[in-house]
Every structure is written in structure tokens, then in C-alpha cells.
Amino acid sequence: MDLLVHMFDKNLRSHITRKRITRNDPKFDTLLVSIAQDPRSKQSITAAVDIAEVGRDIGRNTNLKDLSLDDLHCLDHTDIVLSAWMFNLLCEGINENKSIQSLTVSNFSHNQWQLGHFLRPFLANNPSLRSMCVMTGGGYTRSAENMRLLVSPLLERDDPLGELCFIENAVNDEMVCVLVDEFLKNPSLAPKKLQIAACGFGFAGCQALAKLLKSPSCTTETLDISDNYIEDDGAACLAEALVMNNTLSELSLEGNRITTKGWRAFSSVTCFVRRQHERL
């Protein structure tokens, strides 16, 4: 596989950005890493060395706060073994970092769900990490086991994430159930804000989330499950759970399939339920 590593800092060129990362520039705290195929190169080993060096540069840096991994076409599903090896090289370095507060992963192929495997030390042991967002994954990645791999490192942390987001991903009902089952092992480590938006789950996912909301130890304050396939029965299930919940302050249900009947179920709920930018 022929790859080229791109690292962007606004309009700066890649090699300048690499120098700023290597030198631990205190003014440099945001980084986007994008890895794309290079049709001019015939040296996969050279590409692997570049990726490993990028990972090590990130791992040694103490001033980075926001890291985005975007459009990683090195995870080409035509060669699963090679793509996993490439991604592992990048993650080995990132796992050493203890300063990054926000991780965003977008436009991945199938291996995005193995983040919990490749980045387990980073997700579990980085005390600075406060936010993780996984966006725009392929529909063929659906797997309850992959969701378990992604969430389980978060249960090894000393404190919960402030924010965990899944946006436009193939998070179906089964995967929501696994996510909730994992957090129910220690509800106090559930994120303060949980977003599962535009993912396509429905009633079974709502039933699982209701279990989390009913837990006396749940500390989640914001739940955004907009633009899914939630109908009136799912809305009623969530409303019933909210009666027993004392921590949730905002619930976003915009863009679902809820009718007037479903919205009426929230009449006794005191938290802010976002429907169409109005308070119920």
C-alpha cells in the first residue's frame, strides 16, 4: 500500500507542522492528521516509517490539546492486515501522550471501531482526555464486539469523559445496548454528555438508554439522540426513565419519528427536552 502522511495546522505546510510538534511548540495545541494514498510512491515501508514517526512525535508532545484523525485511507479494506499494522504504528506513539484533551476520529474505514484496541492505553490512562468523538463511519462496521472494544477502556479511567459522541455512524440497536451494558458496570464513569446522533437506532436502543438513566449512579447530564429512528414507544420509554433520573438536564430528540402522542409522554418530565428548539 502506498501512503503519504499529511499533518495540517491551518495553512502551514506539513514539514513545518512536523517541526512544531517535534520541538514541542507551546503555541501549537491543535493538530489534524490525515493519511492518504500516494499514487507516486511505491514504498509501503517508507510510508510505515513516516506513520510511526508521526505517532512518536505526538506521543512525546506535552502541549497538544486537540487531536483529529481524519480521512485515514491507510485503513484500506482491500488489505486488512497491512492496514491494521499501519494504524497500530500510529497509535503506539499516540498512546504515550498525556496532554491531549480532545480526540476526534472521522472518515475512517472498518478499523475505526478498533480504536479501543489500538488506543487502549491512551483512552484508559490519559488523565487529560475529556472528549472523544467518532464520526462518519462505514455501515459495514456494525459489531457489538467492536463497540465493547471501544468503550471498555473508558471503564478503566479514574474519572468519566466529559463528552462521548457518535455522529453519523452505524451505531444500531445492538451496539447501543452493548454501550449501555458496559457503562452499567460502573455508571459513575458514563460520560457527562453522551451523543448518538444520526446513527439509526430505535426502540431497543431507547430501552437500553432508559436502563442507564434509571441507574442511581448515572452522572450523565446531557443526552443527544437526535436524527435516529425513535418513535412514540421509544419516547415513552425514555420519559418513564426520566421520572426516576435526577442528573439529566437536557435531552435532544430532534429529527426522530415522534408524534404528538410521543411528546405527551414527557409532560411530567422536568429536564429540558429538545424537540424543535422549544421547551415542553
Side-chain angles (χ1 to χ4, degrees), residues 29-33 35 51-52 54-70 72 74-75 83-137 141 143-167 169-171 175-196 199 212 218-220 222:
D29 62 1
T30 301
L31 177 66
L32 165 65
V33 179
I35 305 176
I51 291 172
V54 169
R56 286 193 291 269
D57 288 344
I58 294 172
R60 289 189 292 259
N61 191 284
T62 60
N63 290 304
L64 275 179
K65 299 294 184 291
D66 302 305
L67 174 64
S68 296
L69 306 177
D70 178 72
L72 299 195
C74 69
L75 307 186
S83 68
W85 175 58
M86 291 283 191
F87 187 47
N88 186 54
L89 289 175
L90 177 67
C91 293
E92 281 181 350
I94 295 175
N95 281 329
E96 300 300 318
N97 187 282
K98 294 294 187 292
S99 68
I100 293 172
Q101 299 176 6
S102 174
L103 174 66
T104 301
V105 181
S106 56
N107 299 314
F108 259 44
S109 66
H110 61 283
N111 278 317
Q112 77 170 41
W113 292 108
Q114 297 184 27
L115 282 171
H117 171 70
F118 291 118
L119 285 175
R120 190 177 196 96
F122 174 79
L123 297 176
N125 301 324
N126 179 0
S128 300
L129 187 65
R130 291 291 176 265
S131 173
M132 180 169 71
C133 184
V134 184
M135 304 172 62
T136 320
T141 64
S143 165
E145 181 56 31
N146 284 338
M147 175 61 84
R148 187 173 287 107
L149 279 174
L150 188 64
V151 175
S152 60
L154 303 179
L155 299 177
E156 300 174 20
R157 297 178 57 82
D158 293 330
D159 53 2
L161 289 182
E163 182 176 33
L164 177 61
C165 301
F166 300 95
I167 303 174
N169 272 294
V171 180
M175 295 177 77
V176 174
C177 291
V178 169
L179 181 150
V180 170
D181 286 344
E182 288 297 304
F183 280 126
L184 282 175
K185 295 175 182 177
N186 190 346
S188 65
L189 286 176
K192 298 296 183 183
K193 176 181 178 180
L194 177 60
Q195 182 177 22
I196 314 174
C199 291
L212 181 63
C218 179
T219 58
T220 299
T222 301

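Of the possible polar contacts, one joining the Ser128 side chain to the Lys98 backbone as a donor-acceptor pair under 3.5 Å is found. Between the side chain of Lys65 and the backbone N or O of Asn63, at least one donor-acceptor pair lies under 3.5 Å. When atom types are taken as modelled, the side chain of Asp29 and the backbone of Asp66 share no donor-acceptor pair closer than 3.5 angstrom. The backbone N or O of Ser99 lies less than 3.5 Å from a partner atom in the side chain of Asn97, making a donor-acceptor pair.
Applying the side-chain contact (heavy atoms from CB on, under 4.5 Å) rule to Pro121 yields the partners Asn95, Asn125; only residues at least two apart in sequence or on another chain are considered.
Met132 CE to Gln101 CD: the interatomic distance, rounded to the nearest 0.5 Å, is 15.5 Å. If you take SG on Cys91 and CG on Leu89, they are separated by 9.0 Å, rounding to the nearest 0.5 Å. The SG atom of Cys177 sits 12.0 Å away from atom CG of Leu212, with the distance rounded to the nearest 0.5 Å. The structure places CG of Leu67 at 10.0 Å from OG1 of Thr30, a figure rounded to the nearest 0.5 Å. The distance from the CZ atom of Phe118 to the CG atom of Leu90 is 10.5 Å, given to the nearest 0.5 Å. To the nearest 0.5 Å, atom CG of residue Leu123 and atom CD1 of residue Ile94 are 10.0 Å apart.
Partner of Ser152 under the side-chain hydrogen bond (donor to acceptor under 3.5 Å, both in side chains) criterion, chosen from His117, Arg120, Lys185, Glu182: Arg120.
Taking both residues in full, the closest heavy atoms of Ile100 and Asn126 are given as O-ND2, 2.9 Å, listed atom of the first, atom of the second, then distance. Across every non-hydrogen atom of Leu155 and Leu189, the tightest pair is O-CD1, 3.4 Å. Contact record, Ala124 with Arg157: O-CG, 3.5 Å, taken as the closest heavy-atom pair. Shortest non-hydrogen contact noted between Pro160 and Lys192 is CG-CE, 4.4 Å. The nearest pair of heavy atoms linking Leu150 to Leu154 is O-CG, 4.2 Å. Here the shortest heavy-atom pairing between Ile167 and Cys133 reads CD1-SG, 3.9 Å.
Side-chain contact between Thr104 and Met135 is present, with at least one heavy-atom pair separated by less than 4.5 Å. Side-chain contact check for Leu194 versus Leu179: some heavy-atom pair is nearer than 4.5 Å. At least one side-chain heavy atom of Val171 sits less than 4.5 Å from a side-chain heavy atom of Met147.
Taking a cutoff of 4.0 Å between a charged side-chain nitrogen and a carboxylate oxygen, Arg130 and Asp159 qualify as a salt bridge. Using a cut-off of 4.0 Å between Lys/Arg side-chain N and Asp/Glu carboxylate O, Arg60 and Glu96 are scored as not salt-bridged.
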**OP:** Apply side-chain contact (heavy atoms from CB on, under 4.5 Å) to Ile58 and Leu31, showing your working.
**Re:** CA-CA 9 Å; Ile58 294 172; Leu31 177 66; 3.9 Å; yes
